[in-house]
Amino acid sequence: MKLATFNINGIRSRLPALLAWLEREAPDVVCLQELKAPDSGFPEADINRAGYGAIRHGQVSWNGVAILAKDAQPVETRRGLPGDPDDTHSRYIEAAVNGVLVGCLYLPNGNPQPGPKFDYKLAWFERLIAYAKQLLDSGHPVVLAGDYNVVPTDFDIYNPRSWLKDALLQPESRACYARLLEQGWTDALRTRFPDEQVYTFWDYFRQHWERNSGLRIDHLLLNKPVAAMMRDAGVDRWVRGEPHASDHAPAWVVLDLEGAADSTKKTAVKKTALGSTAAAKKSTARSTQATPSKKKTGK
DNA sequence: ATGACGACCTATGGTCGA
C-alpha cells in the first residue's frame, strides 16, 4: 500500500495536477493539505471518477485537508484536533483505511515569529503531541502524515542561513517535532534516507526549484506496528517540475500490510485495526473500511 | 529589511503562505 501526503496549494487550481499524479503513481491513500476551498468547492466527482473515495474538511480561502483512498471509502474517525473548541482552522482529518488509522494534518506555518501566529503554531503542536500519545496508546497501526511546517534539522534544508528567523526552523518548533518523535514515531523519509538530503518543498521564489534549494517539511510518522510494515519511502519530485505545480511535492511510504517484519503479521494488524473508540461510532461503516483494496499492490 | 511567486476573495489590491 502506497500512502502519500501532498500539500496541493489549492485543490481547484491544482486539480489537473492532482489527477495526473493519481493516474501516474496510483497511490492507495492520499493525505491532502491546503485545499484552500470550502467543502462545496471540493471536486469530489472528479476524484471519484479517478477511482478514489474521499473525505474532506474544507474552509474558505485557507487551510483544508482531505483523505483519498483508491477503490475504497475512507471511514472518518475524527475531524479537528481535540484540545481547543475555539480553533476554527481546518487542519486535521483522520480516517481508517485498509486497517490503518491515517491522520492527515496541516500544522500552522507560524510566521511571522515571534507573534500570535507563532504562539498558535506551538499551541497546535502541543495539542498534536497530546493527541498523538493517545493514538500510540490505542495500539492501532497509525500514520500521521502531512505538512508539519517544521524543518527538523539543518540537514533538512539546502541552507539554513536565510531561514534562521523563519518559524519553520525555530528551536521551539524543532523541539516539538523531536518530542513527538520521542514518543515512538518513525520519520519514514529520514529512516529510508539516513544520509541523503531529501526535500519536499521548494518555494516559488529565486528559482529555488531549478537550484534544488528545498526544505523537508512534509513528514510521514509511523508508529511501531506500521514502521514494521515499511518497505520503501520517497518523494515524487517530478510533480514539482510540472507546469503550474504546487510548491510541494508528494512524499510517500510503501507499507506491506500482509507481511509485517515481525511475527505478529496481518492477523495482529486486522485484530487491532478496528476496535478503537473513535471508530466505534462509525460501526455501521466498519465493513467497508475493513475491505482490502481489490487490486494488489504487489509490494 | 524587503521581496521574489502564487492562490484566494462579494477582488481589481490586500492578505497569506513558507
Side-chain angles (χ1 to χ4, degrees), chain A residues 5-19 21 31-43 56-66 87-92 104-125 128 145-174 176-177 189 197-219 235 237 239-251:
Chain A
T5 179
F6 184 18
N7 180 319
I8 195 168
N9 190 14
I11 183 80
R12 286 171 295 186
S13 174
R14 215 73 62 199
L15 183 59
L18 173 66
L19 296 176
W21 171 64
C31 296
L32 296 178
Q33 302 87 34
E34 281 214 82
L35 304 179
K36 293 188 174 180
D39 286 348
S40 59
F42 188 78
R56 71 277 185 279
H57 186 201
Q59 178 181 335
V60 175
S61 293
W62 314 119
N63 311 314
V65 285
D87 185 358
T88 58
H89 294 200
S90 298
R91 296 183 176 276
Y92 187 83
C104 170
L105 64 100
Y106 176 47
L107 210 134
N109 170 298
N111 281 310
Q113 74 79 30
K117 293 194 175 181
F118 191 61
D119 295 341
Y120 173 63
K121 174 182 194 146
L122 296 180
W124 204 94
F125 224 143
L128 177 65
D147 179 354
Y148 282 73
N149 269 317
V150 176
V151 176
T153 73
D154 285 352
F155 192 60
D156 298 300
I157 183 169
Y158 65 100
N159 182 352
R161 205 172 48 207
S162 58
W163 295 77
L164 283 177
K165 293 181 178 174
D166 195 282
L168 279 61
L169 277 73
Q170 292 314 297
E172 296 94 328
S173 308
R174 289 177 163 179
C176 282
Y177 189 75
L189 278 175
Q197 292 198 288
V198 179
Y199 305 137
T200 65
F201 166 84
W202 300 257
D203 73 27
Y204 291 119
F205 315 141
R206 296 162 295 203
Q207 295 186 295
H208 274 170
W209 166 246
E210 290 77 3
R211 299 167 192 225
N212 193 31
S213 298
L215 288 66
R216 191 172 75 94
I217 56 177
D218 300 275
H219 308 302
V235 177
R237 288 175 56 103
V239 175
R240 182 61 181 83
E242 294 289 288
H244 200 58
S246 167
D247 39 7
H248 296 248

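From a predicted model like this one, the values you see are computed outputs, not experimental measurements. Computation of the quantities below employed the complete heavy-atom set of this structure, encompassing side-chain atoms and omitting hydrogens, waters and symmetry-equivalent molecules.
For the P atom pair drawn from B:dG14 and B:dA1, the interatomic distance equals 23 Å after rounding to whole Å. Here, B:dC5 and B:dT10 have their P atoms 26 Å apart, quoted to the whole Å. With both ends at atom C1', the span from B:dA18 to B:dT12 equals 26 Å, rounded to whole Å. Nucleotides B:dG13 and B:dT2, compared at atom P, are 22 Å apart to the nearest Å. Taking atom C1' on both nucleotides, B:dG6 is separated from B:dA11 by 15 Å, rounded to a whole Å.
Counting non-hydrogen atoms under 4.0 angstrom, A:Asp203 reaches nothing in the nucleic acid. Here A:Tyr148 lies out of heavy-atom contact (under 4.0 Å) with every strand. Nucleic acid contact for A:Gln207: none, since no nucleic acid atom lies under 4.0 Å from a heavy atom of the residue. In this structure, A:Asp218 reaches neither bases nor backbone, as no heavy-atom distance under 4.0 Å exists between it and the strands shown. Among the atoms of the strands shown, only primed sugar atoms or phosphate atoms (P, OP1, OP2) are found under 4.0 Å from some heavy atom of A:Lys117. Within the nucleic acid shown, A:Asp247 has no heavy atom closer than 4.0 Å to any nucleic acid atom.
Reading DNA chain B from its 5' end, the first and the last nucleotide to sit under 4.0 Å from a heavy atom of chain A are B:dA1 to B:dA18.
Between A:His248 and A:Ile217, the closest heavy-atom pair is CE1-CD1, 3.6 Å. Nearest heavy-atom pair, A:Ala249 versus A:Val235, reported as atom, atom and distance to 0.1 Å: CB-CG1, 3.8 Å. Contact between A:Ser246 and A:Asn7 at its shortest, heavy atoms only, is OG-O, 2.7 Å.
Between A:His208 and A:Tyr158, the distance from one ring center to the other falls under 6.0 angstrom.
Between A:Ala245 and A:Phe201, it is A:Ala245 whose nearest contact on DNA chain B lies nearer the 5' terminus. Annotation: of the two residues near DNA chain B, A:Tyr204 and A:Leu35, the 5′-most nearest-nucleotide partner is A:Tyr204.
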A:His244/A:Ser13 under side-chain hydrogen bond (donor to acceptor under 3.5 Å, both in side chains): CA gap, chis, key distance, verdict: CA-CA 9 Å; A:His244 200 58; A:Ser13 174; 3.1 Å; yes
Assess the residue pair A:Leu107 and A:Phe125 against the criterion (side chain to side chain contact (heavy atoms under 4.5 Å, CB included)); give the C-alpha distance rounded to whole Å, side-chain angles, the decisive distance to 0.1 Å, and a yes or no. CA-CA 7 Å; A:Leu107 210 134; A:Phe125 224 143; 3.9 Å; yes
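At least one test fails for A:Arg216 against the ring of A:Tyr199: distance under 6.0 Å to the centre or angle within 45° of the axis.
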